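Keep in mind the model is a prediction, meaning the values are calculated, not measured.
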Amino acid sequence: MARTSNYALRLPDSLKKAAEDTARKDGTTLNQFIVSAVAEKVSALRTADFFAERAGAGDLDAALRFLSRAGGEAPAEADSWPVDEAVDRRPD
C-alpha cells in the first residue's frame, strides 16, 4: 500500500458542503473525493506540460513537407472494400 500523509485542509464552508454532497452522491467519502480531485488536477497539469514540451520539440516545416508529399502507391488489396460489399457513403 502507498504511504499516506495527513494535511489539514481549510475549505470555505460552502465549498466543503458542496464537496460532501458530491461525494455522497458518488458513494464515496469526502476524503476519497478530495484525493480523486487532487489526482485529476495533477494529471491534467502534467498532461498540459507534456504536450507543451512535445510541441516545443516539433518541426512544423518538416511536418508540412511530410503531409504534402506525393503518394507513391495504390492501397493494398487488403485495404480495399470488395466491390459487392462497398457502400456508397457519400452524403445525399
*Got more than 12 heavy atoms from elsewhere within 6.0 Å of CG, D13?*
no

_Qualifying residues under salt bridge (Lys or Arg N to Asp or Glu O under 4.0 Å), relative to D21, sequence neighbours excluded_ = K17, R24

*Could you tell me the separation between the CZ atom of R65 and the CG atom of L60, rounded to the nearest 0.5 Å?*
9.5 Å

*Using links of under 4.5 Å between side-chain heavy atoms of ILVMFWY residues, direct or through other members, which residues join L67 in one cluster?*
F66

For residues 32-59, which side-chain N or O atoms pair as donor and acceptor with protein atoms under 3.5 Å away, sequence neighbours left out?
{"residue": "Q32", "atom": "OE1", "partner": "T29", "partner atom": "N", "Å": "2.9"}
{"residue": "Q32", "atom": "OE1", "partner": "T29", "partner atom": "OG1", "Å": "3.3"}
{"residue": "T47", "atom": "OG1", "partner": "S43", "partner atom": "O", "Å": "2.8"}
{"residue": "D59", "atom": "OD1", "partner": "D61", "partner atom": "N", "Å": "3.3"}
{"residue": "D59", "atom": "OD1", "partner": "A62", "partner atom": "N", "Å": "3.2"}

*asked:* I need the L30 CG to L11 CG distance, nearest 0.5 Å.
replied: 7.5 Å

